[in-house]
Amino acid sequence: MNDLIPAWAWVLIEDYVDRSLEGRGATNPTPRETLDEVARLWPDLSCTILVQEPWQGTVRFKRLLRLRGDEMRPFLEGPEAFIRERFGGGKFKLNIHHGMHFVNTKNFKPEGPAHWQAVPELVED
């Protein structure tokens, strides 16, 4: 799977892929069946990058970017560099979805100035 999806990201979607396979009747899938299932799910997978920001004495998460399917590849290949180059430093959250289903989340904390403050919040689609 590492050739298609980096190990750090595979860990985040593996359980979802396994549950999807089980739901389709493949309780002990072959590597090929797993690969085929990832290919089937891939177009509807997306990730949203959010940043934690102070808000009225607490914190909230500002939505910065949503990537779908193959748009995710540059991010998946180097998430910290991707975030740092576009948004600077801060406390970031990655949420992965398949359609409307929540898959997993991961936090990142790249160093650097907070360029994300000048980025408008992404509106829900």
Side-chain angles (χ1 to χ4, degrees):
M1 210 46 70
N2 290 353
D3 292 342
L4 299 174
I5 300 172
W8 75 267
W10 174 244
V11 168
L12 298 176
I13 68 167
E14 183 176 14
D15 286 344
Y16 187 81
V17 172
D18 289 346
R19 284 192 311 273
S20 180
L21 282 162
E22 286 175 16
R24 295 165 57 81
T27 56
N28 192 16
T30 66
R32 182 66 203 178
E33 288 173 318
T34 301
L35 210 65
D36 289 346
E37 188 65 5
V38 170
R40 188 184 75 77
L41 297 172
W42 186 258
D44 295 321
L45 281 172
S46 65
C47 66
T48 305
I49 300 171
L50 306 96
V51 65
Q52 179 180 314
E53 71 174 340
W55 186 74
Q56 297 183 356
T58 185
V59 296
R60 73 178 199 107
F61 287 93
K62 176 181 176 180
R63 290 170 43 105
L64 297 173
L65 181 66
R66 184 172 182 128
L67 303 167
R68 291 181 175 89
D70 284 339
E71 292 176 330
M72 294 186 288
R73 292 212 183 274
F75 170 75
L76 295 175
E77 291 170 7
E80 293 244 353
F82 183 97
I83 291 170
R84 191 172 15 314
E85 288 169 8
R86 285 158 183 80
F87 306 116
K91 294 179 180 178
F92 295 86
K93 176 181 283 297
L94 167 72
N95 286 341
I96 301 173
H97 289 88
H98 178 246
M100 295 297 291
H101 301 281
F102 175 78
V103 175
N104 215 329
T105 191
K106 180 169 176 61
N107 296 324
F108 295 93
K109 193 176 176 183
E111 298 292 325
H115 301 301
W116 56 266
Q117 292 171 329
V119 175
E121 182 161 18
L122 182 69
V123 179
E124 294 274 347
D125 31 314

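Small disclaimer: the values here were computed from a predicted structure and weren't measured.
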Asks: Assess whether a salt bridge exists between Glu33 and Arg24, defined as any Lys/Arg side-chain N lying under 4.0 Å from an Asp/Glu carboxylate O.
Replies: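 No, this pair does not count.
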Asks: Does NZ in Lys93 sit with more than 12 non-hydrogen atoms of other residues, nucleotides or ligands closer than 6.0 Å?
Replies: yes
Asks: Atom CH2 in Trp10, atom CG in Leu12: separation rounded to 0.5 Å?
Replies: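 The CG atom of Leu12 is 11.0 Å from CH2 of Trp10, to the nearest 0.5 Å.
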Asks: Rounded to the nearest 0.5 Å, how far does CG of Leu65 lie from OG of Ser46?
Replies: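 Spacing of OG (Ser46) from CG (Leu65) equals 10.5 Å.
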Asks: Under 3.5 Å, side chain of Lys62 to main-chain N/O of Trp116, donor-acceptor pair present?
Replies: yes
Asks: Can you see which heavy atom on Arg66 is nearest to which on Arg68, and at what distance?
Replies: NE-NH2, 3.4 Å
Asks: Taking all non-hydrogen atoms of both residues, which atom of Thr48 and which atom of Arg63 are closest, and how far apart?
Replies: CG2-NH1, 4.0 Å
Asks: Quick check: do Phe92 and Pro79 have side-chain heavy atoms less than 4.5 Å from each other?
Replies: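 When only atoms from C-beta onward are counted, Pro79 and Phe92 do not touch, as no gap falls below 4.5 Å.
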Asks: In sequence, state the C-alpha distance, the side-chain angles, and the governing distance for His115 and Phe87, and then conclude on ring pair (Phe, Tyr, Trp, His ring centres under 6.0 Å).
Replies: CA-CA 5 Å; His115 301 301; Phe87 306 116; 9.8 Å; no
Asks: About how many Å separate CZ of Arg19 and CD of Glu14, when rounded to the nearest 0.5 Å?
Replies: 11.0 Å
Asks: What's the shortest heavy-atom distance between Ile13 and Ile5, and which atoms?
Replies: CD1-CD1, 3.6 Å
Asks: Could you tell me which non-hydrogen atom of His98 sits nearest to which non-hydrogen atom of Val103, and how far apart they are?
Replies: N-CG2, 3.6 Å
Asks: Measuring from Arg73:CZ to Leu67:CG, what's the distance to the nearest 0.5 Å?
Replies: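 Answer rounded to 0.5 Å: 12.5 Å.
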Asks: Should Arg40 and Asp36 count as an ion pair when the cut-off is N to O under 4.0 Å?
Replies: no
Asks: Is there a donor-acceptor pair under 3.5 Å between the side chain of Trp8 and the backbone N or O of Leu76?
Replies: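 Side chain of Trp8 to backbone of Leu76, a donor-acceptor pair under 3.5 Å: yes, one is there.
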Asks: Which pair of heavy atoms, one from Glu80 and one from Pro110, lies closest together, and at what distance?
Replies: OE1-CA, 3.5 Å
Asks: To the nearest 0.5 Å, how far apart are CG in Leu64 and CD1 in Ile83?
Replies: 9.0 Å
Asks: To the closest 0.5 Å, what do you measure between CE (Met72) and SG (Cys47)?
Replies: 5.5 Å
Asks: Would Arg86 and Phe82 count as a cation-pi pair here, with the cationic atom under 6.0 angstrom from the ring centre and within 45° of the axis?
Replies: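 Yes, a cation-pi geometry holds between Arg86 and Phe82.
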Asks: Is there a chain of hydrophobic side chains (I, L, V, M, F, W, Y, each step under 4.5 Å between heavy atoms) that links Leu35 to Leu41?
Replies: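 Same cluster.
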Asks: Parallel, tilted or perpendicular, judged at 30° and 60°: which one describes the rings of Tyr16 and His101?
Replies: tilted
Asks: Does Leu94 offer a backbone N or O that forms a donor-acceptor pair with the side chain of Thr105 under 3.5 Å?
Replies: yes
Asks: With distance as the sole test, does Thr58 use its side chain to make a donor-acceptor pair with the main-chain N or O of Pro54 at under 3.5 Å?
Replies: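 No; zero donor-acceptor contacts below 3.5 Å.
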Asks: Assess the residue pair Phe108 and Arg84 against the criterion (side chain to side chain contact (heavy atoms under 4.5 Å, CB included)); give the C-alpha distance rounded to whole Å, side-chain angles, the decisive distance to 0.1 Å, and a yes or no.
Replies: CA-CA 10 Å; Phe108 295 93; Arg84 191 172 15 314; over 6 Å; no
